[in-house]
Asker: 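Please read through the structure below; I'll follow up with questions.
Nothing here was measured: the structure is a model prediction, and the numbers come from that model.
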Amino acid sequence: MAAASKKRAAGIRVGVGGWTFAPWRDNFYPKGLVQSKELVYASRQLSAIEINGTYYSTQKPESFAKWRDETPDDFVFSLKATRYATNRRVLAEAGESVHRFIHSGIAELGPKLGPIVWQFMPTKVFDAEDFEAFLQLLPDKIDGLPLRHVMDVRHESFMVPEYLALARQYGCASVFTDSEKFPSFADPSADFIYARLMRSREDLQAGYPPKELAQWAAHAQTWAAGATPEGLPLIEAKPPAKFAKAAPRDVFMFFINGAKERAPAAAQAVLKKLGFVPEAI
């Protein structure tokens, strides 16, 4: 219980995308671990996992319940929302897809339900009116559980104050994507931070040089304290007072993409610097 309390008190979650990835059986999972126990193991070495399968297809309520029951009490799953809601010309017409996803059984995760990531195509251009119509479709709760929404926008047209204003108006976080392929900005727009880090390297055992991992751990602590780390790209040089120095925030940091086989090691290295204690199974 001591380890669980430490994880919860920190307000910082660090993890990877998914848990079924063959190369991890050579450098993350113990030799001989059966595949059916991979989530059990991963959820005790990390403090969060982003589920990617929900982006591609509808999962059954029984699956969410199974994942809930296999993980520690204070573990959190973030979910990538269905692509059928975001990969469309007119976002305002996504109501049915949004409703179907929200009511697909995600509430079975209970308190382990973390942020929902709405990921848009790199070709999706910012249209203020249509985007606001989409934000209005997102519910703030399901079966009494509060919902937190994250916008993963991938076109440079979103890097404008008008987009930030909308995200802040509707209380949605914006993904900070550390990537060469997608726009990257760290302006806070909600009471939590969501970072997806995509520069892990195959030639480094932990994916990143030790100095960079230490810096990401420090950034997570700065975010958690309610401030914005220095040196990260911003849309606004000076954010509104509410966001310049806010109350403590929850932080979700995922090592995703890049040399994916190194992602667990990178996440574990940052967690270690934050004082996380893995659990034995």
Side-chain angles (χ1 to χ4, degrees), residues 15-18 48-59 77-104 106 113-140 142 147-199 232-236 252-258 260:
V16 297
I49 283 177
E50 182 185 275
I51 298 178
N52 301 314
T54 46
Y55 176 76
Y56 297 101
S57 60
T58 302
Q59 305 296 313
F77 292 98
S78 68
L79 307 178
K80 282 179 67 174
T82 174
R83 57 182 170 167
Y84 296 107
T86 55
N87 295 358
R88 56 175 64 233
R89 186 177 64 84
V90 181
L91 294 174
E93 298 174 355
E96 183 179 349
S97 294
V98 170
H99 182 274
R100 187 181 300 116
F101 173 77
I102 295 297
H103 293 273
S104 65
I106 66 174
L113 174 61
I116 297 174
V117 182
W118 303 88
Q119 186 178 90
F120 298 87
M121 295 289 286
T123 53
K124 187 61 180 177
V125 176
F126 176 56
D127 177 319
E129 182 177 353
D130 189 40
F131 203 78
E132 181 171 16
F134 177 79
L135 294 177
Q136 291 173 343
L137 297 173
L138 306 183
D140 59 7
I142 174 69
L147 297 179
R148 292 192 282 189
H149 300 287
V150 188
M151 302 296 111
D152 188 6
V153 294
R154 297 186 157 200
H155 191 276
E156 61 183 9
S157 61
F158 283 86
M159 296 184 67
V160 292
E162 291 78 8
Y163 163 71
L164 274 182
L166 278 178
R168 288 167 174 165
Q169 178 183 345
Y170 288 90
C172 297
S174 301
V175 169
F176 171 70
T177 303
D178 186 46
S179 168
E180 296 178 353
K181 297 189 298 183
F182 308 120
S184 184
F185 54 94
D187 304 75
S189 58
D191 60 358
F192 67 102
I193 298 293
Y194 201 98
R196 304 178 88 239
L197 310 181
M198 310 174 97
R199 297 180 188 266
L232 298 182
L234 298 170
I235 294 174
E236 295 180 342
F252 299 86
M253 179 178 287
F254 295 94
F255 288 88
I256 290 180
N257 217 314
K260 185 177 178 179

Asker: For the residue pair S174 / S189, report whether a side-chain donor-acceptor contact shorter than 3.5 Å exists.
Answerer: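 Short answer, yes.
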
Asker: CZ of F254 to CG of N52: how many Å apart, nearest 0.5 Å?
Answerer: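 Output value for this atom pair is 9.5 Å.
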
Asker: Identify, with sequence neighbours excluded, every residue that meets salt bridge (Lys or Arg N to Asp or Glu O under 4.0 Å) alongside E156.
Answerer: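 Partners of E156 by the salt bridge (Lys or Arg N to Asp or Glu O under 4.0 Å) criterion come out as none, since no residue qualifies.
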
Asker: Measure the spacing between OH of Y55 and OH of Y84 and express it to the nearest 0.5 Å.
Answerer: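 One gets 10.0 Å once the value is rounded to the nearest 0.5 Å.
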
Asker: At what distance, to the nearest 0.5 angstrom, does CE of M151 lie from OG1 of T86?
Answerer: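 Here the interatomic distance stands at 9.5 Å.
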
Asker: S104 and T58: side chain to side chain donor-acceptor pair (under 3.5 Å), yes or no, with the steps?
Answerer: CA-CA 7 Å; S104 65; T58 302; over 6 Å; no

Asker: Going by heavy atoms in the side chains, are E50 and K80 under 4.5 Å from each other?
Answerer: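 Result yes, sub-4.5 Å side-chain heavy-atom pair found.
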
Asker: Ignoring hydrogens, what is the shortest heavy-atom contact between F185 and V153? Give both atom names and the distance.
Answerer: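 Smallest heavy-atom distance, with atoms named: CZ-CG2, 4.0 Å.
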
Asker: Looking only at heavy atoms, which two atoms of I235 and M159 are closest? And how far apart?
Answerer: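 Closest heavy-atom pair between I235 and M159: CD1-CA, 3.4 Å.
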
Asker: Compare every heavy atom of A81 with every heavy atom of I116, then report the nearest pair and how far apart it is.
Answerer: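 Heavy-atom minimum between the residues: CG2-CB, 3.8 Å.
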
Asker: With under 30° as parallel and over 60° as perpendicular, where do the rings of H149 and W118 fit, or are they tilted in between?
Answerer: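 Rings of H149 and W118: tilted, 30 to 60°.
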
Asker: Counting C-beta onward and ignoring hydrogens, is there a side-chain heavy-atom pair between C172 and L166 closer than 4.5 Å?
Answerer: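 They are not in side-chain contact.
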
Asker: Sequence neighbours left out, what pairs pass salt bridge (Lys or Arg N to Asp or Glu O under 4.0 Å) with at least one residue falling in residues 169-188?
Answerer: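 Only D178-R199, E180-R199 qualify under salt bridge (Lys or Arg N to Asp or Glu O under 4.0 Å).
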
Asker: If we ignore hydrogens and angles and just use 3.5 Å, is the side chain of R168 paired with the main-chain N or O of P188 as donor and acceptor?
Answerer: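 Yes; at least one donor-acceptor contact below 3.5 Å.
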
Asker: So, taking the atom named CZ in F255 and the one named CG in L197, what distance separates them when rounded to the nearest 0.5 Å?
Answerer: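 Answer for the CZ-CG pair, F255 versus L197, is 5.0 Å.
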
Asker: Below 4.5 Å, heavy atoms only, C-beta onward: do F192 and P115 meet side chain to side chain?
Answerer: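 Side chain of F192 against side chain of P115, heavy atoms only: contact under 4.5 Å found.
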
Asker: Looking only at non-hydrogen atoms, find the nearest pair between F158 and K124 and report the distance.
Answerer: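 That closest heavy-atom pairing would be CE1-O, 3.2 Å.
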
Asker: Measuring only between side-chain heavy atoms, which start at C-beta, is L138 closer than 4.5 Å to L147?
Answerer: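 No, their side chains stay 4.5 Å or more apart.
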
Asker: Please check if the number of heavy atoms outside H103 that lie under 6.0 Å from its NE2 is greater than 12.
Answerer: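 Counting neighbours around NE2 of H103, more than 12 heavy atoms of other residues, nucleotides or ligands fall under 6.0 Å, so yes.
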
Asker: For S97 and T82, work out which heavy atoms get closest and say how close.
Answerer: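 Scanning both residues, the minimum pair turns out to be O-CG2, 3.8 Å.
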
Asker: Is the shortest side-chain N to carboxylate O distance from E96 to R88 below 4.0 Å?
Answerer: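 Between R88 and E96 there is no salt bridge, as every charged N stays at least 4.0 Å from the carboxylate O atoms.
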
Asker: Is any side-chain heavy atom of N257 less than 4.5 Å from a side-chain heavy atom of S179?
Answerer: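 Side-chain contact under 4.5 Å: no.
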
Asker: Test side chain to side chain contact (heavy atoms under 4.5 Å, CB included) on F182 and M198 and set out the steps.
Answerer: CA-CA 10 Å; F182 308 120; M198 310 174 97; 4.1 Å; yes

Asker: What is the ring orientation for F134 with F131, classed by angle as parallel under 30°, tilted 30 to 60°, or perpendicular over 60°?
Answerer: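 Tilted: the ring planes of F134 and F131 meet at 30° to 60°.
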
Asker: Go through the steps to decide whether L135 and L91 satisfy the test side chain to side chain contact (heavy atoms under 4.5 Å, CB included), and finish with yes or no.
Answerer: CA-CA 9 Å; L135 294 177; L91 294 174; over 6 Å; no

Asker: Would you compute the distance between atom CD1 of I106 and atom CZ of F101 and round it to the nearest 0.5 angstrom?
Answerer: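 Separation between the atoms: 5.0 Å.
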
Asker: What I'd like to find out is whether the side chain of E162 reaches to under 4.5 Å of the side chain of F126, using heavy atoms alone.
Answerer: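 In contact.
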
Asker: Quick one: does S184's side chain have a donor or acceptor within less than 3.5 Å of a partner on T177's backbone?
Answerer: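 Confirmed, S184 side chain pairs with T177 backbone.
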
Asker: Quick check: closest heavy atoms across L137 and G95, and the distance to 0.1 Å?
Answerer: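 Shortest heavy-atom contact: CD1-N, 3.6 Å.
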
Asker: Under the salt bridge (Lys or Arg N to Asp or Glu O under 4.0 Å) definition, can you give me all pairs with a residue in residues 128-140, not counting sequence neighbours?
Answerer: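 Non-adjacent pairs meeting salt bridge (Lys or Arg N to Asp or Glu O under 4.0 Å): zero.
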
